[in-house]
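We count residues from 1, following the sequence as given. Values below: all heavy atoms of this structure, side chains included; hydrogens, waters and symmetry mates excluded.
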Amino acid sequence: MSKRLDYNHIAPAGMKALGGVYGYVMQSKLPVTLINFVYLRVSQINNCAYCLDMHTRDLLKNGQKIEKLALVQAWAEAGDLFDERERAALAWAETVTRVAETGVPDQAYEAARAVFEERELVDLTIAISLMNAYNRMAISFRNPPQAAIEMAA
């Protein structure tokens, strides 16, 4: 896979705007680890190698165990490995990311609202939307994952 173009260089103002949304999400009341788990799950759904690599590395740097990371994709079958808020965030991330298929049903909304305050749920949805945008940029322009760059070096 070869990179098609460097969107950060070509449209720095647009990427800076996305970065501003990222900054907003990171200053929200949502825990950074929860946000990174959501980013990882969204990237799994979208098959974004660049973002999968980045968020796996971020979670490992923040002390998450590889055993938990390996089960993000199967979080619903992972028992108590993921706490209530993590499970709710991952479920919400899945239905919002697959909006064309799911329509984000009332049941999914009610389940998320049972765990998150209004502001938290809005911020979580902004985070999910942002990661979907980043995934689409990285996939569309073939941004290679750091692991691939390191292997080539």
- Message: Please say yes or no: joined through hydrophobic side-chain contacts below 4.5 Å, possibly via intermediate residues, are Met131 and Leu18 part of one cluster?
- Response: yes
- Should Val122 and Glu118 count as side-chain neighbours, where that means a heavy-atom distance under 4.5 Å? no
- Query: Could you give the distance from CG (Leu34) to CG (Asp83), rounded to the nearest 0.5 Å?
  - Reply: 7.5 Å
- State which residues pass side chain to side chain donor-acceptor pair (under 3.5 Å) with Thr102; sequence neighbours excluded, sorted by chain then number. Thr95
- Task: Please collect all salt bridge (charged side-chain N to carboxylate O under 4.0 Å, His left out) contacts where either partner lies in residues 123-139, sequence neighbours excluded, each pair once.
- Result: Arg119-Asp123
- Are any side-chain N or O atoms of Asp53 and backbone N or O atoms of Ala49, one a donor and one an acceptor, separated by less than 3.5 Å? no
- Going hydrophobic residue to hydrophobic residue with side-chain gaps under 4.5 angstrom, can you get from Val38 over to Leu40? no
- Task: Under the side chain to side chain donor-acceptor pair (under 3.5 Å) rule, collect the residues that match up with Arg85, sequence neighbours excluded.
- Result: Glu120
- Message: Is it true that, when you exclude Gln27 itself, more than 12 heavy atoms of the residues, nucleotides or ligands shown sit nearer than 6.0 Å to its CD?
- Response: yes
- Message: Rounded to the nearest 0.5 Å, what separates atom CZ in Arg142 from atom OG in Ser2?
- Response: 9.0 Å
- Task: Using a cut-off of 6.0 Å, state whether more than 12 heavy atoms not belonging to Asp80 lie near its atom CG.
- Result: no
- Query: So which pairs with a foot in residues 23-73 pass ring pair (Phe, Tyr, Trp, His ring centres under 6.0 Å), sequence neighbours left out?
  - Reply: Phe37-Phe82, Tyr39-His55
- Sequence neighbours excluded, the answer for side chain to side chain donor-acceptor pair (under 3.5 Å) partners of Ser28 is none
- Minimum heavy-atom separation for Arg4 to Ser140, with atom names? NH1-O, 2.7 Å
- Same cluster for Tyr134 and Leu52 if Ile/Leu/Val/Met/Phe/Trp/Tyr side chains link at under 4.5 Å? no
- Do Tyr22 and Met54 share a hydrophobic cluster (ILVMFWY, side-chain heavy atoms under 4.5 Å, transitive)? no
- Query: Do Ile45 and Met137 sit in the same hydrophobic cluster, where Ile, Leu, Val, Met, Phe, Trp and Tyr count as joined when their side-chain heavy atoms come under 4.5 Å apart?
  - Reply: no
- Summary of ring pair (Phe, Tyr, Trp, His ring centres under 6.0 Å) pairs that have at least one residue in residues 83-107, sequence neighbours excluded: none
- Query: Of all heavy-atom pairs between Gly79 and Arg87, which one has the smallest distance, and what is that distance?
  - Reply: O-NH1, 4.0 Å
- Task: Would you please name every residue forming a salt bridge (charged side-chain N to carboxylate O under 4.0 Å, His left out) with Arg98, sequence neighbours left out?
- Result: none
- Task: Scan for ring pair (Phe, Tyr, Trp, His ring centres under 6.0 Å) pairs involving residues 95-131, sequence neighbours excluded, and state none if there are none.
- Result: none
- Query: Who passes side chain to side chain donor-acceptor pair (under 3.5 Å) against Arg113, sequence neighbours left out?
  - Reply: none
- Task: Determine whether Trp75 and Glu94 make a side-chain contact, defined as any pair of heavy atoms from C-beta on separated by less than 4.5 Å.
- Result: yes
Could you list the donor-acceptor pairs under 3.5 angstrom formed by side chains in residues 7-16, with sequence neighbours left out?
unit_1 : atom_1 : unit_2 : atom_2 : d
Tyr7   : OH     : Asn143 : ND2    : 2.9

- Between the NZ atom in Lys29 and the CG atom in Leu124, the distance rounded to the nearest 0.5 Å is 15.0 Å
- Tightest non-hydrogen contact, residues Thr97 and Ala93, listed as OG1-O, 2.7 Å
- Message: Test of understanding: with side-chain contact (heavy atoms from CB on, under 4.5 Å), list the residues that count as partners of Asn62, not counting sequence neighbours.
- Response: Val32, Asn36
- Task: Any chance you could measure Cys51, atom SG, to Asp58, atom CG, to the nearest 0.5 Å?
- Result: 10.5 Å
Throw together a table of side-chain donor-acceptor distances under 3.5 angstrom for residues 63-74, partners on residues two or more places apart or in other chains.
unit_1 : atom_1 : unit_2 : atom_2 : d
Lys68  : NZ     : Leu81  : O      : 3.3
Lys68  : NZ     : Glu86  : OE1    : 3.0
Lys68  : NZ     : Glu86  : OE2    : 3.2

